[in-house]
Amino acid sequence: MGRLAGKVALITGGARGQGAEEARLFALEGATVVVTDVLDDDGKQTASEIGAAATFHHHDVTSEADWTGIVESVLADFGRLDVLVNNAGILAIAPLVMTTEADYRRIIDVNQVGTFLGMKAVVPHMVERQQGSIINISSVAGLMGSPGMIAYGASKWAVRGMTKSVALEVAPFGVRVNSIHPGIIETPMLEEFERWGIMPQVMERVPVGRKAGTVEVAQLALYLASDDSAYSTGSEFVVDGGMTAG
Ligand code: NAD
């Protein structure tokens, strides 16, 4: 307990799934948590279940104006922002030739441009305070090829690369940037695999033979948010049940 005492954390896409779990765990560890999402009802419920340590704000990560507003609001309310988890993401599965340009651009916009805008919005404040941890949620799809996921894979490889580029820029100023690469995590996102009826084939690629619970990713995010990871920046942190080991 108390590993994030005194810190303020902003978690995008925090209404449900992994983001909500990170918000719960960070609050338990003493953080003030700002949950943001486009899903207002789920987001308000998640924040109210956490209690006084959490607030919810509507926030579309593809909008630079939304980013400016949320960061100004956090700094006005709490005077600091120590941790950003760029967690918001979308997945749509389709073979290359069935992927429309609009679908491709939408996934890049949320997963990649959203992460870019988030880092751009918080880095000036973190650099000024000479401290901060940015955690970008990529995927195993950002470490290897993933058939049927041209856009998602491109966006998650980009998140991995952007993480390293920004980490190098801000390391001299005490700000750290790392990526997390989850495998198969039990959240609503898996419905896309169910819709295509490919969950059994996907699970064949998981050596430990099971999906992960959201807390198994949240524990890694907690480590990266906390000062325990003070010497880690520009790195990939994989939580995938062995998927990328082979
Ligand atoms: P999820 O669908 O439950 O959560 C994603 C959240 O992002 C949702 O609450 C959604 O409303 C929000 N979101 C979508 N578009 C947004 C936007 N424009 N602005 C703000 N919020 C938006 O799925 P999850 O598994 O919790 O996903 C969290 C992250 O983990 C994503 O980046 C995802 O790509 C990544 N990931 C998930 C898995 C998995 O197996 N579930 C594996 C690897 C990586």
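Start at 1 with the first residue, then count along the sequence. Both counts, for ligands and for their atoms, begin at 1 and track the order of listing.
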4.0 Å heavy-atom contact, Thr12 with ligand 1:
no
Heavy-atom distance under 4.5 Å between the side chains of Leu4 and Leu222, does that happen here?
yes
Selection from Ala212, Gly89, Ser138 by shortest heavy-atom distance to atom 44 (C) of ligand 1:
Ser138
So does Gly69 get a backbone contact from the side chain of Glu72, meaning a donor-acceptor N/O pair under 3.5 Å?
no
Any N or O on Ser139 sitting closer than 3.5 Å to an N or O of ligand 1?
no
If the cut-off is 4.0 Å to any non-hydrogen atom of His59, which atoms of ligand 1 fall inside it?
19 (N), 20 (C)
Under 4.5 Å between side-chain heavy atoms, hopping through other hydrophobics if needed: is there a path connecting Val83 to Val34?
no
Where on Asn87 is there a heavy atom closer than 4.0 Å to ligand 1, on the side chain, on the backbone, on both, or on neither?
both
Identify, by atom number and element, the atoms of ligand 1 in contact range of Tyr152, meaning under 4.0 Å from any of its heavy atoms.
33 (C), 34 (O), 35 (C), 36 (N), 43 (C), 44 (C)
Atom indices of ligand 1, in the order listed, that fall short of 4.0 Å to a heavy atom of Leu190:
40 (O)
For Ser179 and Ser138, indicate whether the former's side chain and the latter's backbone hold a donor-acceptor pair under 3.5 Å.
no
Find all atoms of ligand 1 within a distance of less than 4.0 Å from any non-hydrogen atom belonging to Ile137, and give their numbers and elements.
29 (C), 30 (O), 35 (C)
Between Asn86 and Thr115, does any side-chain donor sit less than 3.5 Å from a side-chain acceptor?
no
Between Arg16, Glu21, Gln18, flag the one that comes closest to atom 27 (O) of ligand 1 by a heavy atom.
Gln18
Is any side-chain heavy atom of Val85 closer than 4.5 Å to a side-chain heavy atom of Phe26?
yes
Atoms of ligand 1 under 4.0 Å from any heavy atom of Asp60, numbered from 1 in the order shown, are 17 (C), 18 (N), 19 (N)
Who's the nearest protein heavy-atom neighbour of atom 24 (P) of ligand 1, and how far?
Thr187 OG1, 3.4 Å
Protein contact of atom 21 (N) of ligand 1 - nearest heavy atom, named by residue and atom, plus distance:
Ala88 CB, 3.5 Å
Suppose I only count heavy atoms of Val38 and a 4.0 Å limit; which atoms of ligand 1 are within that range?
11 (O), 16 (C), 17 (C), 19 (N), 20 (C), 21 (N), 22 (C)
Taking the side chain as every heavy atom from C-beta outward, state whether Arg105 and Glu101 have any atom pair closer than 4.5 Å.
yes
Going by the order shown, which atoms of ligand 1 are within less than 4.0 Å of some heavy atom of Ile184?
40 (O)
Asn136 side chain to Thr163 side chain, donor-acceptor N/O pair below 3.5 angstrom
yes
Are side-chain N/O atoms of Thr244 and Asp240 paired as donor and acceptor at under 3.5 Å?
yes
Which protein non-hydrogen atom lies closest to atom 42 (C) of ligand 1, naming both residue and atom, and how far is it?
Gly183 O, 2.9 Å
From Leu91 CG over to Ile93 CD1, what is the distance, rounded to the nearest 0.5 angstrom?
5.0 Å
Note the single closest protein heavy atom to atom 43 (C) of ligand 1, along with its residue, its atom name and the distance in Å.
Pro182 O, 3.3 Å
Can an N or O of Asp37 be found at a distance shorter than 3.5 Å from an N or O of ligand 1?
yes
In terms of residue, atom name and distance, what is the protein heavy atom nearest to atom 6 (C) of ligand 1?
Gly13 O, 3.6 Å
Does any N or O of ligand 1 fall below 3.5 Å from an N or O anywhere on Val61, backbone included?
yes
Using a strict cut-off of 4.0 Å, indicate which atoms of ligand 1 neighbour a heavy atom of Ile90.
14 (C), 15 (N)
Consider only side-chain heavy atoms of I, L, V, M, F, W and Y, link residues closer than 4.5 Å, and tell whether Ile180 and Val159 are in one cluster.
no
Please state whether His181 comes within less than 4.0 angstrom of ligand 1, counting heavy atoms only.
no
Any donor-acceptor pair under 3.5 Å linking the side-chain atoms of Ser63 with those of Asp60?
no
Ligand 1 to Ile185 polar contact by distance, N or O atoms, under 3.5 Å:
yes
Closer than 3.5 angstrom, by distance alone: can the side chain of Ser133 be matched with the main-chain N or O of Leu224 as a donor-acceptor pair?
yes
